[in-house]
Structure formats: C-alpha cells, structure tokens
Enquirer: 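The structure is given below, and queries will be raised subsequently.
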Amino acid sequence: MLIHTLARNRKVTMGHMVFLTWIYLAVFLIISTVQTGASQSQTAYFLPEFALSPQGSFLEDTTGEQLLTYRSDDQASRTTRSDEDRDAGWDAWGTWSECSRTCGGGASYSLRRCLNGGNCEGRNIRYRTCSNMDCPKESGDFRAQQCSAHNDIKYQGQAHEWVPVINDPVAPCALKCQARGKSLVLELAPKVLDGTRCRTDSFDMCISGICQEVGCDRQLGSNAKEDNCGVCAGDGSTCRLVRGQTLSHVSPDEPVKTVIEIPLGSRNLRITAKGPDVIIVEAQTVQGRREEQVLSVPGWHVLGNTTVEFQRSPDRQTLRSPGPLAADFTIKVKYAAPRDTMLQFMSYQPIRYQWRETDFFPCSVTCGGGYQLNSADCVDIRSHKVLPEHHCESYPENTKPKPKLKECNMDPCPESDGFKEVMPYDHFQPLPRWEQNPWTMCSVTCGGGTQERSVVCVEEDVHGQFAQVEEWKCTHSPPPPTKQSCNTFSCPQWKAMEWSQCTVTCGRGLRYRVVLCIDHQGQHTGGCNARQKPHVKEDCLVPIACHKPRESLPVEAKLPWLKQAHELEEPKAASEEPTFIPGPWSTCSTSCGPGLQKRWVKCRVLLSFTRAEVDLPDEECDGEKPPLQRQCELESCTGSPAPPQGRDQQQGPQWGYRKFSPCSKSCGGGTQIFVARCLSGGKVVSAGLCDSASRPRVMMRVCNPEPCGARWEMSQWSRCSATCGVGLQIRQVLCVLNGDTKMPDKDCKESKPSEVQACNQVDCPPAWETEDWQKCTHTCGGGKQSRKVYCKQRMGSGSFQKLKDTVCKGVKPVAHRPCATDDCLTPRLEGGEWSKCSVTCGTGVQRREAVCRRQTPSGHQVTLSRAACSGMTPPPLLRSCRMGPCKSEISSACEDLSHHPE
C-alpha cells in the first residue's frame, strides 16, 4: 500500500525512479515498531547502499569503503588482461556500469577479480564520472529529490515534507533532511546516491558515501579550478580586473548621476558606498529590455536575470554579485544629503574581443595521408561576429592560439604504375615549411647594426618540386626570425700612447706621442674617424729660466715695496655666524710719498650643510665694519735709494735684481718674490762670486688679488688598469667656484685638463688566452663544448702578438669539456618499429606504435610509460607500402601483350 501511495501522490521524475527502486526494496525489509500514544516513539532502520552485480543479484557493501566483491565467473564479460595486471594477480577490469544519473554528474564503476585466492594488493573497484551535462532546471536538486522521496513515510505517526540540509561539514555524504517549517532534522540515509554533490559551491561528489574531489572539468580526482573569468583550468586571459574609486558629486541641481558601468558577463562584482547617497541599479539585457531598482532593503534581489546581494549599515552600503552578470549594469547615485559619497568598485570584466579557434581546413590531399590545420578568428563575444585581428591584439591579455595539426585521408591511394618501394609517410606529403632567403648586408660595420631577410612558406609535392603557398599553412611552426643584430663588437678607437719628453730643457718646446687605431681584438687596424684623432704634438713648458741678456730691473724692485709686503694682514675665513670678511689691501696708490690703499669688505656666513660661503647685507653682521681704505707712505720721493743697476759695472760681480717670480695663484691673492742674484756684466753668475754678507733680502708682494672665478680642480690619478701592455689611469676633473661649488664645464674658460692617460706601456710576458666556450652540442643527455686557446703576448703598444705554444709557460688550458650531463628530463614521443606491410603484393599499409622515450647522459634511450608523454603530438603512425605486383596483375599484363604484339 505504501508503494501504491507513493506512486499515486507524487509526480515521479526520472531522478526519482532510481531512488524509488531503492526505497521499494528497503520498505520490505524495514523493521519498525509503531506504537500509538504520546509516550511511545518510532524507530526506522535504513538499509546500506547496494550495488548491482553482473548476474543481477545484490551484493552488500558492508565495509564502508569503495570495495565490492566481484564474484562473477562470466568469462565473456572480461577484457584481455594486461601484463601489469597479470603480474599483480588481478584479472582485467570489467566493463563500466551504467551511470548513476542521467544528467548533472553521476558515477560509474568497473570491477575486477583477484586470481590468487583473494590475496591481491589494491582495490577491486574503480570509479569515474559520467553524465556531466547539466540537468534541466525543472528537474530540481538531486539531494532534494532524495529527501522528498520520504515525504509519504510517517515519522512518529506524522508525515512531513522533507527538505535537504546542505553543506554539512561533518557528514557531507549523509542524507540529512529537515521537516519544512520545523526544527526537526533527521538522517534519513547514511549515504546519498552516487553523484550527489558534497557541497553546493563545489563539483565534488559523493561516491559510496565518501566525498570525492571533482575538478571543474567534471573529472574524478582532477584539481582543475575555474579562473577568475569562469574558465575551467583557464589562465585568466579572457577577462581583466577593473577596480578603483570615485566620488558621486551629485547636488540638488543634478540629483542623479551615473558613476560606474559594468558590462554583461562580469564576475565577482563588489561595490562599496560610503556616504548618504542612494544607490540605483539599472540593468539592460542584450535584447534591449531595461530594468531599474532603488536598493534600500538589505537582502538578495534579482535584477536583469542576475542575483545580487545588498547590505546596508549606518555608514556603508555594499552590493555584491558572484556573476556572471546576465545584463549590462549601470550604477547610479541619487542625491540625499550635501556630502559626496565615495564609491569603491571591483569586478572581473570579460574581454569583449577574444580569439576563437576555427574548424579544420580541408585536407591537403585526397588519399595517401595528408594534414589539416586550423586557425583562430577574432570574435566579438557579444555579437559573435568575426572582426579584424587588431581588435584582439589591442588587449595584451589576449594570446592567439597556436594552429593545431592533424592527419587526414590516411587511406592509401590506388596505384597503377606497378611496383613502388616502401617509403615513409613524409615522402608522400611533407608538411609545408618556412624557407628563408640569405641575410642582407649588415647596416654597419661595427658598433651593432641590423640585417634582415625574407621568409616564405613553401610546400613540396610528390615529385620533389617546391611552390610558395599561403603563410597560414606554415603556422604550425614558428617562422624564422626576419631581423637580427650583427657586428655587435666595438668599433675601432683611437688610443693615444704616452707623451714624449719636451724637446727643450728650458722654456717652451714641443712634445709628441703615438696615436694608434685599435680594434675590439686589440689589433692595430684602420677604420677610425680621422676627424676624431687626438693630436700627436702639443706645446710644453720646462719651468727653468733660460739665460738671457741682462735687462733693466722692473719698477716693482724698488726697496720701499718690501715695507708694504710686510704689512699684509692674515686672511680671515667665514664662520657659521655672519662675519665681516676683509679682502687684501691693494698696492699703494703712489710709488713714493703718501698714498692710499683700498680693499673690499663683505658680510659673509658659512652654510654648515653645503659648506658654501654666502654674501649677506652688511646689517646682518654684528660689530663695526672694518675700514675700506687706509693711508700709506713710501720712501720720500727725494731720498729714494739708487737702483741696483745704477752701480758701477766695473766693480766686478754684484748683487742685483732681475724680475719677480710668477704669481703663486692666478686669483684670490697670491704672492711673488724678488730674489737678488749675483750678476756680472748683466749675466747671472755663481753666487759664490758675490759677497754673501751684503746680499739683499728677498722681497715679496701680493698679486692677483681679484676673486677667483670658476676653475678646474683635479683629483689624484687612479691606479693603472694594467701592469703591462698599456693601461689607463683616470681622474676626476670638475669645474668649481670658490673651491667647493660645482659649476657646468662651460663656466671654466680654460681648456679642460685630460681625464684619462696611458700608463705601464711595457711588453707583457707571454700568457695563455682563452675564448668563450661555444654552445653545447646537446641540451641534455651529455654533450661537448669547445673553445679556442692561444699563446699571446700583449705588447707595450697595445697590440697582441700570437706566439707558438712552446713559448707560454704552464699547463695549456683545456679546449674541450663535457656539458649538459643531466638526464634529458623532458621525454619525447617517438615512433616505434614499422610493422610488416599489410599485403604481400600490391599496395598496403604499415603501422607502428608511439613510444615515450628519454635520453640519459650516456646517450642511451630509456622507454617510459605512455602517460609521461601525455598531451604530446605523436609522429605519423600510418604509411602506405607497395609490394611486388600480384599474380593476377602479371597475368592480365601478359594477356594485354598477347593481344597487342606490336
């Protein structure tokens, strides 16, 4: 009667039928006691899940694991056993069972038998997913169907409408149901049916009461996940993250304003508003239907066929939607108070223009084995129209799929030309390939240039003739580069040797140096720019006075000058407090008698951070400003001593003055000295010929008192870069003002001193020199590298000289070495041995298996399991073969000759 009631009161769907079958069998075995009365309780016992064996009998799984005993002796149901299964003691796996569901993702199992008395290691059952297409919406939730199957079974004397308890973290694969509108929760079955989702937010499914991991590709044990764009195992290249913030800027004059637009298909939408304004959402579908809603009530809302969640707190409004949005959303704000609202937004928005793979192009041949290629079109995902490629290329996230290649029309072609030797498949229809033309001449001879070449796609026919074809036929392999760098070595440069000694021993003369054009290998060559060649000679000055006829003494030699020199004041430096700084006194305005001396006085301060002196207005300095002028009085104009040169020239050698020494500074106040020398006949003679006791004192005077302008300051020369064979020394040359302020080079009027000079221009001893190692002959599995080794000597001129190996001392560096000794970890999918021809005469085919191999460092090939090369494109596995003509063909040929003797 219970079965009749279930069938009469419920509309049974296909999903129910599987479960009802289980319920009907369980009802007949339920052991229950029903007692009426408030103090009595009712207990229900549920059977464990059963699996249907190939014989049609039920075998109980009492272990709680994914193990079933396979007791079938039906030899016809078994497939051929593999060597691996035979060694392990197992029989071959049986056929897969029917899927536990017809849609929505179910499970199917396969069994095998232990052949050695039940002592096999491992499991005798395996599972896989099936029926992975989505169920129609009207079919409802699978777990809810299982709960509703108990609606007509009374619990404690009362029937209930059961709804599922979802996402139970403790027992996700138990059938827990709750009476609608009540707090009553019961476990109506210890296991849900195979294929039931463990959680609503995951593809994981329950199989034999255990939650099994299922990837987004609906495969059991797969860890494939959806990317942020909703693509299973995707790389996130079909969408982009858009996030930011904006102010509403609404007012009574403009009370409503659009702030954000989110396109159809966007995911993980989140909008947070901080402020008083009201959020309005407008949705427009692709068909043009508009829908607008003012969000004020918290909770879930459906807008534009999309579910959105709205939350509200005193200072914040939040809008969320996992997506994908089924319409274009426009977010608006409505004025509510005189304060701007800050909106923060984030979503993953689809890239509108994406690559879509095309169907395969027609086969390249009609028989005998050819190939097919596909390509990719740029498609507008909203209108599904094909657009020019630049639309897709404007998105850096977009990557155009590489063309795929597959074999086609593998049936052998009919032959009528008699015997044809067996040839590999590639001889019949080779793949098109890139053919490159020679490189053009390099754009420069040195210093790094470019050269180009053209490449074309060519195809070889069965007669060995080549023809140019469309470039898309070669897109299965990357085209060779059409541009490359060339002559990247440095251009020859002028190298100046050390200056010679000055051509004179006193005064001004000339000096010379050797300037060579040296290439990147250190060889003396040509090709340097003649306009940039450094000069090979220049003036030089030997600071030794040459002997000249005696001249009259200058005016500055007058004795009163000595008194003026002794009255110089000590220079005063600026401090961190404003201070008056006086300059040097000028010379007396007269050469005899009373006169005036002048100087400048400035208020200055020293800046502690930059250590620079800065002029200030006079009122910034405390104290009295020093005087700017003073009186001076030299010897009386009538009592000036007779000049030394006025003495009697006939008295023999006498002390006399010639001229002042050069000023010690070119600016800023230097000194000059006036030294008496022993003179005879106007010429300087040995000081021992004059009376040393009567030698006049050395006189001194201030010179070049004007402030210094910008001038060159030089650091010490660095250590020589080489101990032999011409090295270089460098130093820093700066244009500075007042000794500490760096100025542009153009502010220094004098020519800039040299920053580089040659050094250690001596021959080096012979030594071994090695070039760089060449590329290894293999990338793995053991290879060889070689390099060139020379015996060279670097000369003092900077050039190199090659010598015999016997000249260099020490052990010669090795010129060869092993390389790439690691195992070739990357396996390769190769073809095995070809089978015999399928026929003994005429035209047949040959086949071979694909073999996964890896090379060891010793060069041996190691065979791996086929799984190690999964995803790789196998080589051609089929080719035609031609044996000798069949007897029937020979007989017919003889008959033709007999009928046509001519």
Side-chain angles (χ1 to χ4, degrees), residues 493-496 498-499 502 508 511 513 515 529 531-543 568-587 598-621 625-626 628 660-673 701-721 727-759:
Q493 296 180 352
W494 294 109
K495 179 163 291 188
E498 190 175 0
W499 286 105
C502 199
R508 293 188 176 276
R511 62 177 183 174
R513 64 178 175 182
V515 177
N529 189 346
R531 296 181 179 179
Q532 298 178 354
K533 182 177 181 179
H535 55 278
V536 296
K537 70 175 182 178
E538 67 177 10
D539 295 337
C540 56
L541 177 65
V542 178
L568 290 175
E569 295 182 355
E570 291 294 329
K572 193 173 183 180
S575 64
E576 295 183 5
E577 294 294 331
T579 309
F580 284 112
I581 304 298
W585 289 107
S586 65
T587 56
K598 296 181 180 180
R599 66 178 177 182
W600 52 264
V601 177
K602 297 182 179 179
C603 178
R604 285 184 174 176
V605 66
L606 178 65
L607 300 180
S608 59
F609 180 74
T610 60
R611 308 304 300 174
E613 295 183 7
V614 178
D615 294 341
L616 300 176
D618 289 351
E619 55 267 20
E620 295 291 332
C621 288
K625 184 175 182 180
L628 300 178
F660 281 97
S661 67
C663 189
S664 61
K665 293 184 179 180
S666 60
C667 59
T671 57
Q672 289 178 294
I673 59 174
R701 74 172 180 181
V702 176
C703 54
N704 297 335
E706 66 277 0
C708 291
R711 66 183 186 278
W712 298 107
E713 284 197 0
M714 295 150 288
S715 65
Q716 296 293 325
W717 287 107
S718 67
R719 182 178 298 179
C720 191
S721 61
L728 292 176
Q729 287 178 296
I730 60 174
R731 65 179 176 183
Q732 191 177 27
V733 180
L734 299 176
C735 180
V736 297
L737 180 64
N738 296 330
D740 52 11
T741 304
K742 188 176 181 303
M743 305 296 290
D745 288 357
K746 61 183 179 58
D747 291 354
C748 288
K749 298 180 181 179
E750 299 178 359
S751 59
K752 187 175 183 179
S754 174
E755 296 179 293
V756 182
Q757 70 176 9
C759 54

Enquirer: By side-chain contact (heavy atoms from CB on, under 4.5 Å), which residues pair with Glu538, not counting sequence neighbours?
Expert: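 Glu538: side-chain contact (heavy atoms from CB on, under 4.5 Å) contacts with Trp499, Arg511, His535.
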
Enquirer: Are there over 12 heavy-atom neighbours, none belonging to Ile730, within less than 6.0 Å of that residue's CD1?
Expert: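 Count not over threshold, so no.
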
Enquirer: Is the number of heavy atoms from other residues, nucleotides or ligands within 6.0 Å of NZ (Lys625) greater than 12?
Expert: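 Atom NZ in Lys625 is packed in, count exceeds 12.
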
Enquirer: Can you name the closest pair of heavy atoms from Asp618 and Phe580 and give their distance?
Expert: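 Nearest pair, atom of Asp618 first, then Phe580: O-CZ, 3.6 Å.
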
Enquirer: Which atom names give the shortest non-hydrogen contact between Gln729 and Ser718, and what distance separates them?
Expert: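 For Gln729 and Ser718, the tightest heavy-atom pair comes out as NE2-O, 2.9 Å.
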
Enquirer: Heavy atoms only: give me the nearest Pro626-Val601 pair and the separation to one decimal.
Expert: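 Reported closest heavy-atom pair: CD-CG1, 3.8 Å.
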
Enquirer: Might you point out which heavy atoms bring Trp712 and Glu750 nearest each other, and give the distance in Å?
Expert: NE1-O, 2.9 Å

Enquirer: If you measure from SG on Cys748 to CD on Glu713, what distance do you get to the nearest 0.5 Å?
Expert: 9.0 Å

Enquirer: Looking at every heavy atom in both Cys735 and Asp747, which two are closest together, and how far apart are they?
Expert: SG-C, 4.1 Å

Enquirer: How many angstroms lie between atom CG of Leu734 and atom OG1 of Thr741, to the nearest 0.5 angstrom?
Expert: 12.0 Å

Enquirer: Name all residues meeting the side-chain contact (heavy atoms from CB on, under 4.5 Å) criterion together with Ser715; count only those two or more places apart in sequence or in a different chain, and write none if there are none.
Expert: Arg731, Gln732

Enquirer: For Cys603 versus Pro578, what's the shortest heavy-atom pair and its separation?
Expert: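 Nearest pair, atom of Cys603 first, then Pro578: SG-CB, 4.2 Å.
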
Enquirer: Can you measure from CZ (Arg599) to CG (Leu628) and round to the nearest 0.5 angstrom?
Expert: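 Atom-to-atom, Arg599:CZ and Leu628:CG are 7.5 Å apart.
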
Enquirer: Who are the side chain to side chain donor-acceptor pair (under 3.5 Å) partners of Lys752, not counting sequence neighbours?
Expert: Asp745

